[in-house]
2 protein chains.
Amino acid sequence: MARVREKDEVADREFILNIAASLIRQHGFKGMTTRKIAQACGMLPGSLHYRYRTKEAIVVDLMKLAMERSTSAIELACQGIDDPLLRVRMGLRAHLETLVNGNDIVYVLLFEWRSLEGQARAEMIALRDEYEQFWLGMIKGVQDLGLLRRDLSVSLLKLLSFGAVNWVATWYRPSGAMTLDQIADTIWVMVTQGVLVPEAHELAEASRYPSGVPSV
Amino acid sequence: MARVREKDEVADREFILNIAASLIRQHGFKGMTTRKIAQACGMLPGSLHYRYRTKEAIVVDLMKLAMERSTSAIELACQGIDDPLLRVRMGLRAHLETLVNGNDIVYVLLFEWRSLEGQARAEMIALRDEYEQFWLGMIKGVQDLGLLRRDLSVSLLKLLSFGAVNWVATWYRPSGAMTLDQIADTIWVMVTQGVLVPEAHELAEASRYPSGVPSV
DNA sequence: GTCTATACTCTGATAGAC
DNA sequence: GTCTATCAGAGTATAGAC
């Protein structure tokens, strides 16, 4: 009996949080109201307040769920793969998929954590850093094989490729011309080998700012 | 007399919009209140309402200003440069600089346009598309020289590199370890030549998803 | 665990004096 | 062009019945 109850609790939690995430994505944190969540869940505001005592508590729980989902999706995708290069490629694809194909929970985690303040915000930043640390480890696996250019900062590469991937969520539509596989493959080619034909690499390296350009 | 007045008007406009952008970046569109803007401008709410009849009108004007600034910064940076490769490199650097070193106006344009609804939203999307079209032209200049890999979509490359650049605004701090020049150069190397040593390009190309991985 | 009813606060916007 | 004063609505959160 206790087990059945527990299952229902979890299901309700995800149901509520999915709706909350969708509303936050549409209207932002301040634009999402507890009334709207309750209504979409078929409850009245007072009932939702029984589950979550404050609006902020909903978002904190939502982001924890997003972190769990994202991390486990990547771990699953990399399971049993030893080649560090392929691990990154698989992880990148898994990250992209949970971001755009799951629901709005991961999107909210990545784009709306600034909405939180004080303690809740610090907590989220810590969780996010942990997640990015995970990525850093994967990239370092490639570095340890001596496959990374030595003139580039690893943590900067992490942030830049993270940006290319996460930004996809701002424009991707399932009905669009590009499939997720095409996008993931193009990111992979761009980041690992660059977008220029090999013959042009020298030209790109040689391009220098004209004199007189102020340093930014 | 009329000229002096006009100068004051423009100055006031930018003053108000800078403050509004800063507040939106901190609290989101809904979290920014007209009262807060007025207070930070040393006005009372009624006075601000005389300048902008609705809250949405403030944001629309703000985004128009952001677009003007961003476009003119890039045009200035590319002025007199013929090499398409260098044009992109200079434009990218200028875009990055107005995004993180100017003030919060361009940030709000790129990250908060979803806050708008209806007519105002459509207007902003049109302006943004125009801006991205400008970038597409620059990238096509490189393609016309035959320097771009032919297996990649140009508009996808635009979106992906746009993502890598724009995401910088979410983590960059002027006091951080990286200078803007370092960041811009690393983006350039990553996007044009890739982050792997040339010897590893073959490995990256050869890495294939293991069988049994469902297509996403 | 859900409902009803409500207290309290903040918000965008307005009207009219100066 | 700025101020004072204020309205009507929406927001979070609460208290207590069921």
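Quantities reported herein were computed from a predicted structural model and do not represent experimental measurements. Each chain gets a letter, A, B and so on, in the order its sequence line appears, and its residues count up from 1.
- In terms of phosphate contacts, B/R51 brings a side-chain nitrogen or oxygen within less than 4.0 Å of OP1 or OP2 of D/dT2.
- Rounding to the nearest 0.5 angstrom, the gap separating the CG atom in B/L159 from the CD1 atom in A/I183 is 8.5 Å.
- Put simply, B/Y50 has no side-chain N or O that comes within less than 4.0 Å of OP1 or OP2 on D/dT2.
- Whole-Å rounding puts the B/K30 NZ to C/dT11 P distance at 12 Å.
- Rounding to whole angstrom units, NE2 of residue A/H27 and P of D/dA10 are separated by 14 Å.
- Summarising the geometry, the separation between CZ on B/F15 and C1' on D/dG1 is reported as 16 Å, rounded to the nearest angstrom.
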At a cut-off of 3.5 Å, list every protein nitrogen or oxygen paired with a nitrogen or oxygen from nucleotides 3-7 of chain C, distance to 0.1 Å.
| unit_1 | atom_1 | unit_2 | atom_2 | d |
| --- | --- | --- | --- | --- |
| C/dC3 | OP2 | A/L44 | N | 3.1 |
| C/dC3 | OP2 | A/S47 | OG | 2.8 |

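- The interatomic distance linking B/I37 (CD1) with C/dG12 (C1') rounds to 11 Å, in whole Å.
- What separates CD of A/Q39 from P of C/dT2 is a distance of 16 Å, to the nearest Å.
- Atom CD1 of B/I58 is separated from atom P of C/dT11 by 14 Å (rounded to the nearest Å).
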In sequence, state the C-alpha distance, the side-chain angles, and the governing distance for A/N103 and A/R25, and then conclude on side chain to side chain donor-acceptor pair (under 3.5 Å).
-> CA-CA 10 Å; A/N103 39 49; A/R25 178 164 188 173; over 6 Å; no
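- The overall bend of the helix from C/dG1-D/dC18 to C/dC18-D/dG1, read as the angle between its terminal helix axes built from five base pairs each, is 10° when rounded to 10 degrees.
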Name the atoms and distances for all side-chain donor-acceptor pairs under 3.5 Å in residues 127-134 of chain B, with sequence neighbours left out.
| unit_1 | atom_1 | unit_2 | atom_2 | d |
| --- | --- | --- | --- | --- |
| B/Y131 | OH | B/S70 | OG | 3.2 |
| B/Y131 | OH | B/H95 | ND1 | 2.5 |
| B/E132 | OE1 | B/K158 | NZ | 3.1 |

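- Between B/Y52 atom OH and C/dA13 atom P the separation is 14 Å, expressed in whole Å.
- The CE atom of A/M90 lies 11.5 Å from the CG atom of A/D83; values are rounded to the nearest 0.5 Å.
- Taking 4.0 angstrom as the limit, B/H49 places none of its side-chain polar atoms (N or O) nearer than this to OP1 or OP2 of C/dG12.
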Side-chain donor-acceptor distances from residues 111-120 of chain B under 3.5 Å, at least two apart:
| unit_1 | atom_1 | unit_2 | atom_2 | d |
| --- | --- | --- | --- | --- |
| B/E112 | OE1 | B/S115 | OG | 3.4 |
| B/S115 | OG | B/E112 | O | 2.9 |

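- A salt bridge does not link A/D185 to A/R93: none of the charged side-chain nitrogens sits closer than 4.0 Å to a carboxylate oxygen.
- Taking the side chain to side chain contact (heavy atoms under 4.5 Å, CB included) definition, one finds that B/T186 meets it with A/L152, A/L156, A/L157, A/L160, sequence neighbours left out.
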Between A/L92 and A/V191, is a side-chain contact (heavy atoms from CB on, under 4.5 Å) present by the stated rule, with each step listed?
-> CA-CA 11 Å; A/L92 182 151; A/V191 171; 5.8 Å; no
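- Atom C1' of nucleotide C/dA13 and atom CD of B/E56 are separated by 14 Å, given to the nearest angstrom.
- For residues 71-82 of chain B, no residue pair satisfies the side chain to side chain donor-acceptor pair (under 3.5 Å) rule, not counting sequence neighbours.
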